[in-house]
> 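Dropping the structure in here first, questions after.
Numbers here are sequence positions counted from 1.
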Amino acid sequence: MTTDDTAPHLTWTDDDEPRSGRFGDVYFSRDDGLAETRAVFLEGCGLPDAWAGRRHFTVAELGFGTGLNIAALLDLWRRTRPENGRLHIFSVEGFPLTADEARRALGAWPDLAEAALALIEAWPERTPGFHRVDLPGFHAVLDVAVGDVDWALDQWSGSADAWFLDGFSPALNPGMWSETVMDRIAARSAPGARVATFTVAGAVRRGLSERGFVVEKKPGHGRKRERLEARRDGAPTPDLTPRVAIVGAGVAGAAVARALVASGIVPVVIEGVRPGAGGSGFPAGLATPRLDAGDAAIAGLYAQALERARHLYDATPGAVLGQGVLQLPQAARDPARFAKIAAQPLWRDGAMSVIDAEAAADRLGERTAVGGLMMADARVIQAAAILSAWLKAVPLVAATVARIERDDDGWTLRDAQGGILAQADAVVVTAGWGTAGLLTDADLSPVRGQADWVEGPAIPGVAWGGYVAPTGTGVLFGATHDRDDVNPEPRDADSARNLDTLRTRLPHLAAQAEAGVRHRRVAIRATTRDRLPLAGRRADGLYLLSGLGSRGFCVAPLLGEHVAALIAGTPSPLPATLFGRIDPDRPGPA
């Protein structure tokens, strides 16, 4: 949610131009904002020549504002994009506009209509943190960091080929032009990076020059007599396309595969049984976040993960079986905890709300003694549709990996007989509990879960320790949670436990389920001691995405992009402080 502390206090001039009440300045030139953008930033960074022949090109911007610079950039990229080129954009904004405000501002330039519409329809959330936006029609991805510029640049893991320095002037907004910001621009610049800005303030010129940039004044635009261009020495790093193998075809493996394909890398996926043979094989699942009222970083991780999962699942045909999940309390302290969680600034307006018992009963279709936390952005998903869509572009090898070996040419994956299944420059292990058999030092523990489902009844998603997920033709309910149990066979006693758990909260639904023909299935999930996922590169050079526990459908899409970014050498969607929290080699809790 956006508070007054982060609101831009936008007003409109008589000429219908947006003006920041916070900084007392217009967002773009009254003479011609689009022409100024093209002259100062696009031409100032040598575009489009600078991206000729590049497979990946990264632009960073300080001052997202109305999105005008990005819309103009996308328009130019669409018209001049190199073959197979992909554009990555990172922008920082401390006081975000709404999509409607951006639409009004960008409506002044019909020749940007296509790019502006794509940007507005995917307009990033305004809550604090990192927000990833897909722009598939432009072969581009946009990460917007909402927050302080020092924090945003410190947390970004990218390396920019071009910089648009478009904050309000140093006199009005000195924090955007500080020595610390200059340090971080230099640290986040690729060899040969270009910098463009409208200001020619001496502090800015000196700041760039002292950090190794060659700085030049250039003729300005409109009422501005001069502008700056700067360039760092060096040549761009050659683009490489690594060979990648993924072990495991559940939602974690599919998420990494989808992200790699989006970056231009087609991995091979090796699966011993079939896609979704493990925890991703139930007819329905819940994409819900871990609710944390005390650890701001982890709360932020799961809020960002849910946002990303929602966008990607909503864009995948057949993936969403239901929108919104009601979390009922398990303990006496939960109602107060729910209120604290709903008030966190991490969630967009309406995403988290506390509802009373009457509203809960209306949603569930039977009486309940308590209300709960309504998670409007949570999803009930059909994993089969996700796996089918995200794995369709990659080769799938039906085999079991028994060993992963390193040699001078990279990695070799072998079966139990020593046969070669694949050779790769990078290997990602996403095999759930099967990871423990391949990487014996991985700090993972098994949790056996059995769930039941029945045809006929219908109810929205709800969780309380047990859970119910609509399947489209009935409901799935459960699940047991037995640590250190790896027995894959269903048990009658566990079906009875699931029914008892359902009966404690939803007795009418339990009676329907008991009268119907039930189905059941077991999956062994992998968890870590601190209940946080493992995502990243291990010390031995292998990549890992595992330990997702019961939150796999929530965190896999975002963490799959993180792992793919590490492999591709592109910016991660995650703030850097989270890297250590999900590092595969992090020490466990004492």
> Any side-chain heavy atom of V92 sitting closer than 4.5 Å to one from E61?
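SC-SC contact between V92 and E61 ruled out.
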
> Could you tell me whether the side chain of R55 and the main chain of N84 form a donor-acceptor pair under 3.5 Å?
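Checking the backbone N and O of N84 against the side chain of R55, no donor-acceptor pair under 3.5 Å is found.
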
> What verdict does the side-chain hydrogen bond (donor to acceptor under 3.5 Å, both in side chains) test give for Q155 and T577, after you've listed the backbone C-alpha separation in whole Å, the side-chain angles of each residue and the deciding distance to 0.1 Å?
CA-CA 7 Å; Q155 294 300 307; T577 51; 3.1 Å; yes

> Would you mind reporting whether I381 and T316 have side-chain heavy atoms less than 4.5 Å apart?
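Side-chain contact under 4.5 Å: no.
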
> May I have all residue pairs that pass side-chain hydrogen bond (donor to acceptor under 3.5 Å, both in side chains) and include part of residues 132-153, sequence neighbours excluded?
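Applying side-chain hydrogen bond (donor to acceptor under 3.5 Å, both in side chains) to every pair that reaches into residues 132-153, excluding sequence neighbours, yields R81-H139, H88-D143, R132-D143, D134-R308.
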
> Check the pair W123, T98 against side-chain hydrogen bond (donor to acceptor under 3.5 Å, both in side chains), reporting the backbone distance first and the verdict last.
CA-CA 8 Å; W123 196 252; T98 67; over 6 Å; no

> Does any N or O in the side chain of T430 come within less than 3.5 Å of the main-chain N or O of V247, such that one atom is a donor and the other an acceptor?
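Yes.
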
> Does a side-chain heavy-atom distance below 4.5 Å link D585 with L534?
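Answer no - side chains too far apart.
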
> Atom CD1 of I386 and atom CG of L312: how far apart are they, to the nearest 0.5 Å?
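Those atoms lie 9.5 Å apart.
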
> Got more than 12 heavy atoms from elsewhere within 6.0 Å of CZ, R79?
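It does: R79 CZ has more than 12 such atoms within range.
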
> Under the criterion side chain to side chain contact (heavy atoms under 4.5 Å, CB included), I'd like the reasoning laid out for L301 against I582: C-alpha separation, chi angles, the key distance, then a yes or no.
CA-CA 10 Å; L301 167 63; I582 60 173; 4.2 Å; yes

> Just so I know, are the side chains of R551 and P533 near enough to count as touching, which here means a heavy-atom distance under 4.5 Å?
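Of all side-chain heavy-atom pairs linking P533 with R551, none is under 4.5 Å.
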
> Can you tell me if R586 uses its side chain to pair, donor with acceptor, with the backbone of R581 under 3.5 Å?
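Yes: the side chain of R586 pairs with the backbone of R581.
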
> Just jot down the ring-ring contact (aromatic ring centres under 6.0 Å, His included) partners of W156, sequence neighbours excluded, or say none.
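Testing W156 for ring-ring contact (aromatic ring centres under 6.0 Å, His included), a comparison that skips the adjacent residues, returns F90.
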
> Taking the side chain as everything from C-beta on, heavy atoms only, tell me whether R348 gets closer than 4.5 Å to R126.
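Sidechains of R126 and R348: no contact.
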
> Taking all non-hydrogen atoms of both residues into account, name the closest pair between L142 and S91 and its distance.
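Between these two residues, the closest heavy atoms are CD1-CB, 4.4 Å.
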
> Do the side chain of Y313 and the main chain of F553 share a donor and acceptor less than 3.5 angstrom apart?
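The answer is yes, because a donor-acceptor pair under 3.5 Å joins these two groups.
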
> Nearest 0.5 Å, what's the CG-OG distance between L578 and S572?
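That separation rounds to 8.5 Å.
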
> Which of these, L240, V244, V394, sits in a side-chain contact (heavy atoms from CB on, under 4.5 Å) with I265?
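The single option meeting the side-chain contact (heavy atoms from CB on, under 4.5 Å) with I265 is V244.
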
> Mind running ring-ring contact (aromatic ring centres under 6.0 Å, His included) on W163 and F41 for me, showing each step along the way?
CA-CA 8 Å; W163 287 92; F41 297 111; over 10 Å; no

> Using atom types as modelled and distance alone, determine if a side-chain donor or acceptor of D161 lies under 3.5 Å from a backbone N or O of F57.
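No, because the side chain of D161 does not come within donor-acceptor range (under 3.5 Å) of the backbone of F57.
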
> One pair to check against salt bridge (Lys or Arg N to Asp or Glu O under 4.0 Å): E114 and R78. What are the steps and the verdict?
CA-CA 10 Å; E114 183 179 350; R78 178 182 57 81; 3.8 Å; yes

> Which atoms form the tightest heavy-atom contact between P48 and T80, and what is the distance?
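Shortest heavy-atom contact: CB-OG1, 3.3 Å.
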
> If you round to the nearest 0.5 Å, how far is CG of D166 from CD of E93?
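The CG atom of D166 is 10.0 Å from CD of E93, to the nearest 0.5 Å.
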
> Determine the minimum heavy-atom distance between A535 and L545, stating which atoms define it.
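That would be CB-CD1, 3.7 Å.
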
> List in chain and number order the residues that pass ring-ring contact (aromatic ring centres under 6.0 Å, His included) with H562, two or more places apart in sequence or in another chain; answer none if no residue qualifies.
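Partners of H562 by the ring-ring contact (aromatic ring centres under 6.0 Å, His included) criterion, ordered by chain and then number, come out as F579.
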
> Can you see which heavy atom on F213 is nearest to which on S189, and at what distance?
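Closest approach of F213 to S189: CZ-OG, 3.5 Å.
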
> Stepwise, does the salt bridge (Lys or Arg N to Asp or Glu O under 4.0 Å) test hold for E229 with R227?
CA-CA 7 Å; E229 292 182 11; R227 58 183 174 85; 2.8 Å; yes

> Which value, rounded to the nearest 0.5 Å, describes the distance between R290 atom CZ and L306 atom CG?
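If I round to the nearest 0.5 Å, the distance is 15.0 Å.
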
> Using atom types as modelled and distance alone, determine if a side-chain donor or acceptor of R538 lies under 3.5 Å from a backbone N or O of G536.
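Not a single qualifying donor-acceptor pair exists.
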
> So V146 and T127, do their side chains get closer than 4.5 Å, heavy atoms only?
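With C-beta onward as the side chain, the pair stays apart.
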
> Going through the checks in order, is the side chain to side chain contact (heavy atoms under 4.5 Å, CB included) test met by D32 and W109?
CA-CA 10 Å; D32 188 344; W109 295 290; 3.5 Å; yes

> The test is salt bridge (Lys or Arg N to Asp or Glu O under 4.0 Å); show your working for R194 and D49 and say whether it passes.
CA-CA 12 Å; R194 302 280 291 267; D49 292 345; over 6 Å; no

> Is there a side-chain contact between Y543 and P584, using heavy atoms and a 4.5 Å cut-off?
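With C-beta onward as the side chain, the pair stays apart.
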
> Show the numbers, then the answer: is there a side chain to side chain contact (heavy atoms under 4.5 Å, CB included) between R103 and D100?
CA-CA 5 Å; R103 180 181 290 107; D100 285 341; 2.7 Å; yes

> With side chain to side chain contact (heavy atoms under 4.5 Å, CB included) as the test, would you mind laying out the steps for W347 and D377 before giving the verdict?
CA-CA 9 Å; W347 315 105; D377 284 352; over 6 Å; no

> Determine whether a donor-acceptor pair (N or O, by modelled atom type, separation under 3.5 Å) exists between the side chain of T197 and the backbone of L165.
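Answer holds: yes.
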
> Could you tell me which non-hydrogen atom of P345 sits nearest to which non-hydrogen atom of P128, and how far apart they are?
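Residues P345 and P128, closest heavy atoms: O-CD, 3.2 Å.
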
> Is it true that a side-chain atom of Q304 and a backbone atom of P573 form a donor plus acceptor pair closer than 3.5 Å?
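Here the side-chain-to-backbone pair exists.
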
> Working to the nearest 0.5 Å, report the span between CD1 of I89 and OG1 of T58.
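Taking CD1 in I89 and OG1 in T58, the distance rounds to 9.5 Å.
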
> With salt bridge (Lys or Arg N to Asp or Glu O under 4.0 Å) as the test, would you mind laying out the steps for R38 and D75 before giving the verdict?
CA-CA 11 Å; R38 286 170 170 163; D75 176 68; 3.6 Å; yes

> Flag the pair T180 / V149 as yes when at least one side-chain heavy-atom distance between them is below 4.5 Å, and no otherwise.
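Not touching, per the 4.5 Å side-chain cut-off.
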
> Do any N or O atoms from the side chain of D425 and from the backbone of R243 form a donor-acceptor pair under 3.5 angstrom?
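Side chain of D425 to backbone of R243: a pair is present.
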
> Just verifying a value: how many Å separate D295 CG and Y302 OH, rounded to the nearest 0.5 Å?
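Atom-to-atom, D295:CG and Y302:OH are 10.5 Å apart.
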
> Taking R205 for the side chain and V200 for the main chain, is one N or O donor matched with an acceptor at less than 3.5 Å?
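Checked: pair present.
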
> Search all heavy atoms of L548 against all heavy atoms of A556 and return the closest pair with its distance.
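Scanning both residues, the minimum pair turns out to be CD1-CB, 4.1 Å.
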
